[in-house]
Q: 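Below you'll find the structure I mean.
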There are 2 protein chains.
Amino acid sequence: MSKKEVIHLYKKVIEDLRAAIENGDYQTGDLLPSENELCRSYDTTRVTIRQALSALANMGYITRKHGKGSIVSEPKTGLGILSVSGVTAGIGTQKLTTTILQKPIKQDWPADFFFPIDDSESKNGCIFFSRLRHINETPVLYEETFITNVDLPRFSSRSLENRSLFKILKEFYNVEVTEGEQKIWAIHADKNISALLNIKTSHPVVHMKRRLQTNNKGVRIYSSLFCNTEENFLRDSF
Amino acid sequence: MSKKEVIHLYKKVIEDLRAAIENGDYQTGDLLPSENELCRSYDTTRVTIRQALSALANMGYITRKHGKGSIVSEPKTGLGILSVSGVTAGIGTQKLTTTILQKPIKQDWPADFFFPIDDSESKNGCIFFSRLRHINETPVLYEETFITNVDLPRFSSRSLENRSLFKILKEFYNVEVTEGEQKIWAIHADKNISALLNIKTSHPVVHMKRRLQTNNKGVRIYSSLFCNTEENFLRDSF
DNA sequence: ACAAACAACTTGTATATACAAGATAACTTT
DNA sequence: AAAGTTATCTTGTATATACAAGTTGTTTGT
């Protein structure tokens with residue numbers, strides 16, 4: 001936009017240091033420049049610098065040590081959202097792919113939806129889609145997702161194939177998950193899930209229902225998913 | 001202790017306001033006294049008051065609104081630790097009881113423990129105990145817990161019957177969970193679990209392995225648990 | 001070579017002050 | 001009665017300064 005935006009100094013300090021940490025300019029365990037050094041760099045006072053460093057500490061980027069300095073922290077592991085993970089540490093060694101079974105479409109909320117929907121959400125309907133995830137060509141997880149139809153223009157026309165829903169929401173809509181809840185059952189796969197996951201109906205699968213809130217109060221993400229955990233598992237960290 | 005402890009003013013402000021919120025003196029949605037009012041009350045400056053209010057905001061007690069005030073927030077729901085929950089909202093309507101099958105004992109870490117144990121933890125052994133949880137007299141969850149044997153004097157002699165492990169750790173040792181990870185499988189109950197949970201071996205149960213870190217770096221809590229989710233489910237919020 | 005004391009660094013706590021910007025209440029005008 | 005303006009409240013951003021307390025490196029004494 002052509003309008004000239006002002007950025008407050010303490011926010012610039014936050015962004016500069018955050019970018020430096022995320023770009024690898026500082027490694028876990030490194031000391032950031034001291035408060036006095038940063039005062040000189042930015043030609044400002046300790047109060048301004050300390051406000052920026054306090055914010056970074058609260059976001060988990062650094063740890064403050066009295067008399068020593070600001071130490072770069074281990075990156076935060078996760079928010080607590082369960083997702084499929086490999087038997088070996090991490091999924092990097094395995095091939096995770098996602099097929100869109102149902103492309104995003106706008107629809108009414110299903111009757112008897114598995115989480116209570118409030119009136120304002122109910123009015124606008126939702127965006128619904130479903131995905132099947134494979135690990136090394138083996139289907140392991142089927143997920144149906146319902147997102148409130150608010151503040152997400154042209155979402156339905158975006159491709160989700162092999163892409164992270166959360167990354168799309170972040171990149172295009174500046175939407176980030178802030179909190180949520182998850183409910184977990186172990187069930188026998190029914191006929192539909194058996195077919196989708198290529199397993200016997202007697203096979204135990206994890207069934208999860210999840211509700212996520214975001215930094216945009218209107219945008220909520222609901223999922224129902226079924227996961228075959230014979231070779232893999234669901235994992236979260238917080 | 002007889003030694004006179006000094007408390008810094010901004011910390012006193014935090015504690016006073018936190019206690020007032022937790023005691024119900026302020027309800028969700030209420031405005032706290034303005035910064036200027038608090039300056040007068042505590043005979044101090046806005047910088048000191050703002051530091052306290054900033055800390056309360058970061059802990060989730062209040063939300064700051066430019067030009068309006070400090071609004072008391074909805075209490076934070078949870079850290080993301082899965083626990084057994086009822087079919088109806090909350091467990092309050094049902095009777096949850098806990099039986100200690102194995103009282104806390106000190107022992108070596110099991111060979112091939114389900115999470116990697118570092119050398120310093122390994123040396124000291126662990127505290128092990130197991131519990132069976134019932135909902136309305138029905139066994140629903142069996143949990144084995146291993147805690148690092150560090151900074152927990154006389155833990156083995158404490159009664160865990162019908163008491164929250166986390167509350168005991170908080171009350172007696174000032175230990176609070178800060179982060180963790182959980183791994184989830186759906187499995188058929190084996191003979192041992194079938195017997196404990198009073199179900200058929202073909203029955204699907206949730207198997208979870210969890211590792212929790214605390215504000216005391218030495219204290220970590222590992223659990224392996226099995227949950228029958230036919231009438232209930234595991235639930236977390238974060 | 002080692003221990004103690006000191007100096008110089010760091011972050012933590014605090015006071016004082018000023019202006020920017022958002023929200024709300026009170027007042028005035030239509 | 002409604003709309004516009006103004007005043008007064010609020011939090012947000014920022015400068016300047018001082019002392020407390022923790023950490024680390026240097027110097028001195030044994």
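No experiment lies behind these values; they were computed from the predicted model shown. Each chain gets a letter, A, B and so on, in the order its sequence line appears, and its residues count up from 1.
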Q: Is B:Arg18 paired with B:Glu15 through a side-chain N to carboxylate O contact shorter than 4.0 Å?
A: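 Salt bridge flag = yes for B:Arg18 with B:Glu15.
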
Q: Closer to the 5' end of DNA chain D via nearest nucleotide, is it B:Leu53 or B:His8?
A: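 Whichever sits nearer the 5' end wins; that is B:Leu53.
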
Q: C:dA23, D:dT15, C:dT15: which one has an atom nearest the side-chain heavy atoms of B:Thr48?
A: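 Among the listed nucleotides, the one closest to the side chain of B:Thr48 is C:dT15.
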
Q: Measure from the side-chain heavy atoms of B:Ser70 and tell me the nearest of C:dA14, D:dT11, C:dG12.
A: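 Selected nucleotide (nearest to the side chain): D:dT11.
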
Q: Which of these nucleotides, D:dT15, D:dT10, C:dT15, is closest to any side-chain atom of B:Glu37?
A: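 So the nucleotide nearest the side chain must be D:dT10.
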
Q: Please report the distance, rounded to the nearest Å, between CD1 in B:Ile14 and C1' in C:dT13.
A: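 Result: 12 Å.
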
Q: Which comes earlier along DNA chain D counting from the 5' end, the contact point of A:Gly67 or that of A:Gln51, where each point is its nearest nucleotide?
A: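 Looking at the nearest nucleotide for each, A:Gln51 comes out on the 5' side.
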
Q: Between B:Arg50 (CZ) and C:dT13 (C1'), how many Å, whole number?
A: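 It is 16 Å, rounded to the nearest whole Å.
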
Q: Quick check: on DNA chain C, is the nucleotide nearest B:Lys11 upstream (toward 5') of the one nearest B:Lys65, or the reverse? Name the residue that is more 5'.
A: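 Comparing both residues, the 5'-ward one is B:Lys11.
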
Q: Calculate the interatomic distance between B:Asn36 atom CG and D:dT11 atom C1'; express it in whole Å.
A: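 So the CG-C1' distance, B:Asn36 to D:dT11, works out to 10 Å.
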
Q: Taking only the side-chain nitrogens and oxygens of B:Arg46, find out if one of them lies under 4.0 Å from OP1 or OP2 of C:dA16.
A: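 Checking C:dA16 against B:Arg46, no side-chain N or O comes under 4.0 Å of OP1 or OP2.
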
Q: Would you say B:Ser70's side chain and B:Leu32's backbone share a donor-acceptor pair under 3.5 angstrom?
A: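 Pair absent, no side-chain N/O of B:Ser70 close to backbone of B:Leu32.
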
Q: Between D:dA16, C:dG12, D:dT11, which one does the side chain of A:Thr45 approach most closely?
A: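 Looking only at heavy atoms from C-beta outward on A:Thr45, the closest nucleotide is D:dA16.
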
Q: Is the CG atom of A:Asn23 crowded by more than 12 outside heavy atoms at less than 6.0 Å?
A: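 Yes, enclosed.
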
Q: For B:Leu9, answer base if it contacts any base atom (sugar-phosphate contacts may also be present), sugar-phosphate if it contacts only those atoms, and nothing otherwise; contact means non-hydrogen atoms under 4.0 Å.
A: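 Counting heavy atoms under 4.0 Å across all strands, the contact made by B:Leu9 is with sugar-phosphate only.
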
Q: Between B:Leu38 (CG) and D:dT10 (P), how many Å, whole number?
A: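 It works out to 10 Å between those atoms.
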
Q: Please assess A:Phe129 against A:Lys103 for the test side-chain contact (heavy atoms from CB on, under 4.5 Å), listing each intermediate value before the final yes or no.
A: CA-CA 5 Å; A:Phe129 58 93; A:Lys103 286 169 64 176; 5.9 Å; no

Q: Check the distance between D:dA16's P and A:Ile49's CD1 and give it to me in whole angstrom.
A: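 It works out to 13 Å between those atoms.
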
Q: Tell me the interatomic distance from A:Ile71, atom CD1, to C:dT11, atom C1', rounded to whole angstroms.
A: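 My rounded result for the distance is 11 Å.
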
Q: Hey, does A:His66 reach any base, or is it just sugar-phosphate, or nothing, if we go heavy atoms under 4.0 Å?
A: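 Touches a base.
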
Q: Rounding to an integer number of Å, can you tell me how far B:Glu35 CD sits from C:dG22 P?
A: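 Those two atoms, CD and P, are 16 Å apart.
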
Q: Would you mind reporting whether B:Ile71 and B:Leu31 have side-chain heavy atoms less than 4.5 Å apart?
A: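 In contact.
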
Q: Which part of the nucleic acid, if any, lies within reach of B:Ser34 when heavy atoms closer than 4.0 Å are counted: base, sugar-phosphate only, or nothing?
A: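 Answer is sugar-phosphate: B:Ser34 comes under 4.0 Å of backbone atoms only.
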
Q: Measure the distance from CG on A:Leu31 to P on D:dT24 and round it to the nearest whole Å.
A: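 So the two atoms are 9 Å apart, to the nearest Å.
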
